[in-house]
Asker: 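Sending over a structure as structure tokens; questions will come in a sec.
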Amino acid sequence: MASAKVAVVTGGNKGIGLAIVRALCKQFKGDVYLTARDPKLGEEAVRALKEQEGLSPHFHQLDINDLQSIRALGSFLKEKYGGIDVLINNAGIAFKGTDPTPFGTQANVTLQTNFFATRDVCNELLPQVRPQGRVVNVSSMLSSSALQGCSPELQKVFRSDTITEEELVTLMEKFVEDAKKGAHQKEGWPNTAYGVSKVGVTVLSRIQARELNEKRKDDGILLNACCPGWVRTDMAGPKAPKSPDEGAETPVYLALLPNNAHSPHGELVSEKKVVPW
């Protein structure tokens with residue numbers, strides 16, 4: 001099996017993740033893994049794609065907040081495929097605007113999943129990405145507006161071409177601490193935990209792409225952050241203009257960039273176009 005190609009989608013049992021799995025099953029020449037935290041929901045989603053749409057995704061459990069779960073997936077992929085060809089980090093959460101949970105708690109929970117857990121997946125699985133591999137970190141255009149809402153000092157750091165992963169982690173931890181103290185706005189942060197978490201994802205993607213250029217320059221791996229748009233999902237609600245299948249278009253476009261492509265790489269991409277950061 002080591003020669004077979006494989007694509008992995010996190011948070012794949014519903015919404016945009018499920019739509020990405022559906023599109024990859026139709027367009028990617030290889031095995032497609034729908035992963036989800038809850039095996040029951042994941043298996044149900046896989047069964048529906050098989051029985052109702054004639055597609056053949058595979059399922060593997062993955063809770064991105066559980067390092068053992070990430071490592072189990074990594075070991076499975078290494079053993080069965082010898083590497084990864086496409087990794088789409090889609091799993092994420094958002095509190096509803098009306099949620100009464102204190103902002104400090106929202107910041108902690110949101111950053112833990114959207115930034116820190118996504119980073120854990122990358123740290124475990126990026127070394128397995130094969131030459132010509134494609135990595136897509138699902139961010140949001142809210143990362144752009146949240147960046148605009150940051151102090152000029154923070155904006156400068158987040159736009160820097162030399163910021164390190166450690167520096168980014170320290171800043172994300174600081175946001176959570178500032179939010180818990182109710183001091184985040186005074187400290188130059190915008191009033192959106194989701195937005196800041198996606199600033200983290202976009203900047204992390206820029207750093208990861210830079211590191212790939214330094215360490216694996218000749219491997220032709222392309223890694224980008226993307227914005228799926230405002231999509232009708234449990235997260236975004238029923239009023240959003242895009243269907244999940246439409247939301248999947250840009251992530252899937254980035255996952256299937258041809259082997260001879262050199263760009264985009266290390267960019268934030270929306271509607272298949274690079275957005276200035």
Asker: Do Ile88 and Leu24 come close enough that some side-chain heavy atom pair is under 4.5 Å?
Answerer: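 When only atoms from C-beta onward are counted, Leu24 and Ile88 do touch, with a gap below 4.5 Å.
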
Asker: Do the side chains of Glu44 and Lys40 get close enough for a salt bridge, i.e. N-O under 4.0 angstrom?
Answerer: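 Here Glu44 pairs with Lys40 in a salt bridge, since their nearest N and O are under 4.0 Å apart.
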
Asker: Where do Asn114 and Thr118 come nearest, in terms of heavy atoms and distance?
Answerer: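 For Asn114 and Thr118, the tightest heavy-atom pair comes out as O-OG1, 2.9 Å.
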
Asker: Side-chain contact, heavy-atom cut-off 4.5 Å: Gln185 with Asn191?
Answerer: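 They are in side-chain contact.
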
Asker: Atom NZ in Lys26, atom CG in Leu49: separation rounded to 0.5 Å?
Answerer: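 Going from NZ on Lys26 over to CG on Leu49, the span is 9.0 Å.
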
Asker: With sequence neighbours excluded, give me every ring-ring contact (aromatic ring centres under 6.0 Å, His included) pair touching residues 3-47.
Answerer: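 Qualifying pairs, neighbours excluded: Tyr33-His58, Tyr33-Phe76, Tyr33-Tyr81.
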
Asker: Linking I/L/V/M/F/W/Y whenever any side-chain heavy atoms sit under 4.5 Å apart, do Val199 and Leu168 land together?
Answerer: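 They do share one cluster, since a chain of ILVMFWY contacts under 4.5 Å joins Val199 to Leu168.
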
Asker: Within a 6.0 Å radius of atom NZ on Lys14, are there more than 12 heavy atoms belonging to other residues, nucleotides or ligands?
Answerer: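 Count not over threshold, so no.
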
Asker: For Pro228, does its backbone N or O pair with a side-chain atom of Lys242 as donor and acceptor, under 3.5 Å?
Answerer: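 Side chain of Lys242 to backbone of Pro228: a pair is present.
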
Asker: Flag yes if Leu204 and Val196 sit in one hydrophobic cluster, no otherwise; membership is Ile, Leu, Val, Met, Phe, Trp, Tyr, and two members link when side-chain heavy atoms are under 4.5 Å apart.
Answerer: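 Linked, Leu204 and Val196 end up in one cluster.
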
Asker: Given side chains that start at C-beta, do those of Pro190 and Cys150 come closer than 4.5 Å, heavy atoms only?
Answerer: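 Yes, close enough: below the 4.5 Å cut-off.
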
Asker: Looking at residues at least two apart in the chain, or sitting in another chain, which of them share a salt bridge (charged side-chain N to carboxylate O under 4.0 Å, His left out) with Glu165?
Answerer: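 Salt bridge (charged side-chain N to carboxylate O under 4.0 Å, His left out) list for Glu165, sorted by chain: Arg119.
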
Asker: Output side-chain donor-acceptor pairs under 3.5 Å for residues 142-149, partner residues at least two apart or in another chain, one line each.
Answerer:
unit_1: Ser143; atom_1: OG; unit_2: Ser140; atom_2: O; d: 2.7
unit_1: Ser143; atom_1: OG; unit_2: Thr202; atom_2: OG1; d: 3.2
unit_1: Ser145; atom_1: OG; unit_2: Leu142; atom_2: O; d: 3.2

Asker: Evaluate whether atom NZ of Lys78 has more than 12 neighbouring non-hydrogen atoms of other residues, nucleotides or ligands under 6.0 angstrom away.
Answerer: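 It does not: Lys78 NZ has 12 such atoms or fewer within range.
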
Asker: If a pair satisfies salt bridge (Lys or Arg N to Asp or Glu O under 4.0 Å) and one of its residues is in residues 105-116, list it, with sequence neighbours excluded.
Answerer: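 Counting only pairs at least two positions apart or across chains, no salt bridge (Lys or Arg N to Asp or Glu O under 4.0 Å) contact touches residues 105-116.
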
Asker: Could you pull out every donor-acceptor pair under 3.5 Å between side chains of residues 252-270 and any protein atom, sequence neighbours left out?
Answerer:
unit_1: His265; atom_1: ND1; unit_2: Leu223; atom_2: N; d: 3.0
unit_1: His265; atom_1: NE2; unit_2: Ala209; atom_2: O; d: 3.2
unit_1: His265; atom_1: NE2; unit_2: Asn213; atom_2: OD1; d: 3.0

Asker: Please find the pair of heavy atoms, one from Cys122 and one from Asn89, that lie closest to each other, and give the distance.
Answerer: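 Smallest heavy-atom distance, with atoms named: SG-ND2, 3.4 Å.
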
Asker: Would you compute the distance between atom CG of Asp120 and atom CG of Asn65 and round it to the nearest 0.5 angstrom?
Answerer: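 If I round to the nearest 0.5 Å, the distance is 8.5 Å.
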
Asker: Would you please name every residue forming a salt bridge (charged side-chain N to carboxylate O under 4.0 Å, His left out) with Asp178, sequence neighbours left out?
Answerer: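 With neighbours one apart ignored, the set is Lys174.
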
Asker: Is there a side-chain contact between Val136 and Leu87 (heavy atoms, below 4.5 Å)?
Answerer: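 No, side chains not in contact.
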
Asker: Charged N to carboxylate O under 4.0 angstrom, Glu153 versus Lys156?
Answerer: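 Answer for the salt bridge query: no.
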
Asker: According to a 4.5 Å side-chain heavy-atom criterion applied to Ile, Leu, Val, Met, Phe, Trp and Tyr, with indirect links allowed, do Tyr194 and Phe95 form part of one hydrophobic cluster?
Answerer: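 Each belongs to a different hydrophobic cluster.
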
Asker: Compare all side-chain heavy atoms of Leu222 with those of Val135 and state whether any distance is below 4.5 angstrom.
Answerer: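 Result no, sub-4.5 Å side-chain heavy-atom pair not found.
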
Asker: Any side-chain to backbone donor/acceptor pair from Trp277 onto Phe158? Under 3.5 Å, distance only.
Answerer: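 Yes; judged by distance alone, with no hydrogens or angles, the pair exists.
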
Asker: What closest approach, in Å, do Phe59 and Asp38 show between heavy atoms, and which atom pair accounts for it?
Answerer: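 Smallest interatomic distance, heavy atoms only, reads CZ-O, 4.4 Å.
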
Asker: Within the distance-only criterion (no hydrogens, no angle test), does the side chain of Gln61 pair as donor or acceptor with the backbone N or O of Ser69 below 3.5 angstrom?
Answerer: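 Such a contact is absent between Gln61 side chain and Ser69 backbone.
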
Asker: Quick check against the 3.5 Å criterion: does Ser139 have a side-chain atom that pairs as donor or acceptor with the backbone of Val201?
Answerer: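 No.
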
Asker: How long is the span from the NZ atom in Lys80 to the OG atom in Ser75, to the nearest 0.5 Å?
Answerer: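 So the NZ of Lys80 and the OG of Ser75 are separated by 14.5 Å.
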
Asker: Please collect all ring-ring contact (aromatic ring centres under 6.0 Å, His included) contacts where either partner lies in residues 101-145, sequence neighbours excluded, each pair once.
Answerer: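 Output for this query lists Phe103-His184.
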
Asker: Check whether Val121 and Val203 end up in the same hydrophobic cluster, where Ile, Leu, Val, Met, Phe, Trp and Tyr are linked by side-chain heavy atoms less than 4.5 Å apart.
Answerer: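 Different clusters.
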
Asker: Which residues pass the salt bridge (charged side-chain N to carboxylate O under 4.0 Å, His left out) test with Lys273, sequence neighbours left out?
Answerer: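 Partners of Lys273 by the salt bridge (charged side-chain N to carboxylate O under 4.0 Å, His left out) criterion come out as none, since no residue qualifies.
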
Asker: Is the backbone N or O of Asn90 less than 3.5 Å from a side-chain atom of Thr10, with the two atoms forming a donor-acceptor pair by type?
Answerer: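 Yes: the side chain of Thr10 pairs with the backbone of Asn90.
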
Asker: Whether the side chain of Asn13 engages the backbone of Leu34 through a donor-acceptor N/O pair (distance < 3.5 Å, no angle test) should be reported.
Answerer: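 Flag not set: sc Asn13 to bb Leu34 has no pair under 3.5 Å.
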
Asker: To check you understand the geometry: which heavy-atom pair defines the closest contact between Leu18 and Ala45, and what is its length?
Answerer: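 So the minimum-distance heavy-atom pair works out to CD1-CB, 4.1 Å.
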
Asker: Testing the 3.5 Å rule here: is there a donor-acceptor pair between the side chains of Ser205 and Asn137?
Answerer: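 Result is yes, a qualifying pair exists.
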
Asker: Examine the side chains of Glu271 and Thr250 and answer whether a donor and an acceptor come within less than 3.5 Å of each other.
Answerer: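 No, Thr250 and Glu271 have no side-chain donor paired with an acceptor closer than 3.5 Å.
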
Asker: Please name all residues satisfying salt bridge (charged side-chain N to carboxylate O under 4.0 Å, His left out) with Arg71, sequence neighbours left out, ordered by chain then number.
Answerer: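 Applying salt bridge (charged side-chain N to carboxylate O under 4.0 Å, His left out) to Arg71 gives Glu124.
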
Asker: Considering non-hydrogen atoms only, spot the tightest contact between Ala248 and Pro251 and give its length.
Answerer: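 So the two residues come closest at O-CD, 3.2 Å.
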
Asker: Under the side chain to side chain contact (heavy atoms under 4.5 Å, CB included) rule, what do Ile16 and Ile20 come out as? Steps first, then yes or no, please.
Answerer: CA-CA 6 Å; Ile16 296 165; Ile20 291 170; 3.8 Å; yes

Asker: Do the side chains of Asp31 and Lys5 get nearer than 4.5 Å, heavy atoms only?
Answerer: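 Heavy-atom side-chain distance check fails, nothing below 4.5 Å.
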
Asker: Who pairs with Asp63 by side chain to side chain donor-acceptor pair (under 3.5 Å), at least two apart in sequence or on another chain?
Answerer: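 Counting only residues at least two positions away or on another chain, Asp63 forms no side chain to side chain donor-acceptor pair (under 3.5 Å).
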
Asker: I'd like to know if the side chain of Arg210 reaches the main chain of Asp161, judged simply by a donor and an acceptor atom lying under 3.5 Å from each other, with no hydrogens or angles considered.
Answerer: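 At least one qualifying donor-acceptor pair exists.
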
Asker: Would you compute the distance between atom CD1 of Ile64 and atom OG1 of Thr35 and round it to the nearest 0.5 angstrom?
Answerer: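 It is 9.0 Å, given to the nearest 0.5 Å.
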
Asker: Run the side chain to side chain donor-acceptor pair (under 3.5 Å) test against Gln68 and tell me which residues pass, sequence neighbours left out.
Answerer: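 Result, side chain to side chain donor-acceptor pair (under 3.5 Å) vs Gln68: none returned.
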
Asker: Please list every donor-acceptor pair under 3.5 Å in which a side-chain atom of residues 105-112 meets a protein atom from a residue at least two apart or in another chain.
Answerer:
unit_1: Gln106; atom_1: NE2; unit_2: Asp99; atom_2: O; d: 3.4
unit_1: Gln106; atom_1: NE2; unit_2: Thr101; atom_2: O; d: 2.9
unit_1: Thr110; atom_1: OG1; unit_2: Gln106; atom_2: O; d: 2.6

Asker: Determine, for Arg22 against Asp245, whether the closest basic-nitrogen to carboxylate-oxygen distance falls under 4.0 angstrom.
Answerer: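 Counted as a salt bridge, because a side-chain N and a carboxylate O are separated by less than 4.0 Å.
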
Asker: State whether the side chain of Arg216 and the backbone N or O of Glu214 hold a donor-acceptor pair below 3.5 Å, judged by distance alone.
Answerer: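 Flag not set: sc Arg216 to bb Glu214 has no pair under 3.5 Å.
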
Asker: Are Ile84 and Leu67 joined in one hydrophobic group, where the rule is that I, L, V, M, F, W and Y side chains link up if heavy atoms are under 4.5 Å apart?
Answerer: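 Ile84 clusters together with Leu67.
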
Asker: Would you compute the distance between atom NE2 of His60 and atom CD of Glu43 and round it to the nearest 0.5 angstrom?
Answerer: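 Going from NE2 on His60 over to CD on Glu43, the span is 10.5 Å.
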
Asker: Say you draw a straight line from CZ of Arg232 to NZ of Lys239; how long is it, rounded to the nearest 0.5 Å?
Answerer: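 It is 12.5 Å, given to the nearest 0.5 Å.
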
Asker: Do Ile163 and Val157 make a side-chain contact, defined as non-hydrogen atoms from C-beta onward lying under 4.5 Å apart?
Answerer: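 A side-chain contact exists here, since the closest heavy-atom pair is under 4.5 Å.
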
Asker: Go through it in stages, so that I can follow the logic: the residues are Val21 and Val46, the test is side chain to side chain contact (heavy atoms under 4.5 Å, CB included), and I'd like the CA-CA distance, side-chain angles, deciding distance and then a yes or no.
Answerer: CA-CA 9 Å; Val21 170; Val46 162; over 6 Å; no

Asker: Does any part of the side chain of Val6, heavy atoms only, come nearer than 4.5 Å to the side chain of Leu77, both counted from C-beta?
Answerer: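 Answer yes - side chains close enough.
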
